[in-house]
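Naming convention: chains lettered A, B, ... in sequence-line order (proteins, then strands); numbering from 1 in each chain. Keep in mind that the numbers below use all heavy atoms, side chains included, and drop hydrogens, waters and symmetry copies.
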Number of protein chains: 2
Amino acid sequence: MTPRPRPDRRALLDELTSRGVRITAQRRALIAVIQDANRHLDAASLLQLARGRVPGTNRATVYRTIELLKRFGLIDELDLMHLDGEKHYYEASARRDHFHLACFGCGRIEEFTSPAFEQVKADISSQAGFEIRVIRLEAGGLCSMCAGSAETSRRRETPKKD
Amino acid sequence: MTPRPRPDRRALLDELTSRGVRITAQRRALIAVIQDANRHLDAASLLQLARGRVPGTNRATVYRTIELLKRFGLIDELDLMHLDGEKHYYEASARRDHFHLACFGCGRIEEFTSPAFEQVKADISSQAGFEIRVIRLEAGGLCSMCAGSAETSRRRETPKKD
DNA sequence: CTGATTGCAAAGAATTTGCACTGCT
DNA sequence: AGCAGTGCAAATTCTTTGCAATCAG
């Protein structure tokens, strides 16, 4: 597993144009939103934020762009243990390898890395001869804070809107 | 992480009754179906197979039973890289720890174990202080057969534009 | 120019819910 | 008996699609 450097926004756009993909205002907005995000965004949030930059952007365009970026390996899709419905979350993919710990107590998502994870990937390649294209590791449970206090079972709620 | 022995059907039922859960014909059928399964089943297959044992079993009951078994940690939910839609797949959870490799070429699901995976879990506990309740590792890519032959790996080449 | 991309509206897939009835324990 | 569990149908949530209009290269 060769760790790729994290590409900046330009690199992402360049990557697309160099592959002959047309850059529209909507796609530019969505890429910007994803790269500027400090949290994991679902399709609805992506839509809302993209509309802040390009009003009138449509839901379908968001899904089509997600599909596009996934195909080019530029974003990763997460489930985050379905802590809040069955939607998916997205993040720019070329970051340092990490995975997510979703707390059932407070709803917080923690990022985590472990050298052993690299070893797992190496094992998959060498032992199973499996050529990994995407890999996803997620855990659900109680974060250190919630595990400490026995009675922290209030789920965090998220406002819903289209 | 102590590897648990694989419980037989009786143990699963006993586990439920001992926890005060009522055993209905539908639940019995669903548990039997899950334990006898030699493949990963989605809700629709579960429904169909359960109806073979208890005709008239309803879709809602399947989902409610899945929810129940998940809550009791008796089954695990898988996505299998969404190789075929967004549905979920289920398997009895108390088997030897393993994870799944989903081949984009032939669609086959391979099971895999690695001691390094145990190490990852240990790291999560000791370093993050995170109390794991469920953990899911899935990889998508090309299995050894599909990676070998350039033919089979139709999805390996540069993704097409949208 | 011209085919790729978009918006729109409607459809689709997977799952959930309210309610009256049924059947475990 | 009493309440957890079920069936039914409709509702919800998330995502996809067909088609005509639009726009990037």
Quick note, A:R22 side chain, CB onward, closest among D:dG2, C:dA4, C:dT17 is C:dA4

Separation of C:dC24 atom C1' from B:L13 atom CG, nearest Å, is 14 Å

Decide side chain to side chain donor-acceptor pair (under 3.5 Å) for A:H82 and A:E138; before the verdict, give the C-alpha distance in whole Å, the side-chain angles of both, and the deciding distance to 0.1 Å.
CA-CA 10 Å; A:H82 304 121; A:E138 297 185 347; over 6 Å; no

note: B:R27, atom CZ; C:dG23, atom P; distance rounded to Å ~ 15 Å

Rounded to whole Å, CD of A:E67 lies from P of C:dT6 at a distance of 13 Å

Under 4.0 Å between any heavy atoms, over every strand shown, what does B:A44 touch: base, sugar-phosphate, or nothing? Just pick one.
nothing

*Does B:T24 make a side-chain N or O approach to OP1 or OP2 of C:dG23 shorter than 4.0 Å?*
no

Taken to the nearest whole Å, CG/A:D84 to P/C:dT16 is 13 Å

Taking only N and O in the side chain of B:Q26, is any of them less than 4.0 Å away from OP1 or OP2 of D:dG7? yes

When rounded to whole Å, the CD to C1' distance for the pair A:E86 and D:dT12 reads 12 Å

The answer to which of B:V21 and B:R51 contacts DNA chain D further toward the 5' end, by nearest nucleotide, is B:V21

Checklist entry - Any side-chain donor paired with an acceptor under 3.5 Å for A:E91 and A:H98? => result yes

When rounded to whole Å, the CG to C1' distance for the pair A:D42 and D:dC14 reads 10 Å

Assign each of B:T17 and B:N58 the nucleotide of DNA chain C bearing its closest heavy atom; nearer the 5' end lies the nucleotide of B:N58

N or O in side chain of A:Y63 less than 4.0 angstrom from D:dT16 OP1/OP2 | no

On DNA chain C, more 5' by nearest nucleotide between A:T57 and B:I23 is A:T57

note: B:I66, atom CD1; C:dT16, atom P; distance rounded to Å ~ 8 Å

Separation of C:dT25 atom P from B:D14 atom CG, nearest Å, is 12 Å

* Asked: What is the nucleic acid contact for B:R64, judged by heavy atoms within less than 4.0 Å: base, sugar-phosphate only, or nothing?
  -> base

Decide whether B:H40 and B:E111 meet the rule of one side-chain donor and one side-chain acceptor closer than 3.5 Å.
yes

inquiry  = Under 4.0 Å from OP1 or OP2 of C:dA14: is there any side-chain N or O of B:H88 that close?
reply    = no

Handout entry: Pair A:E77-A:Y89, side-chain donor/acceptor within less than 3.5 Å
Key = no

>> Does B:F72 form a side chain to side chain contact (heavy atoms under 4.5 Å, CB included) with B:E15? I'd like the steps, not just the answer.
In response: CA-CA 9 Å; B:F72 280 87; B:E15 177 68 21; 5.5 Å; no

Looking at B:T61, I'd like to know whether one of its side-chain N or O atoms comes within less than 4.0 Å of OP1 or OP2 on D:dG7.
yes

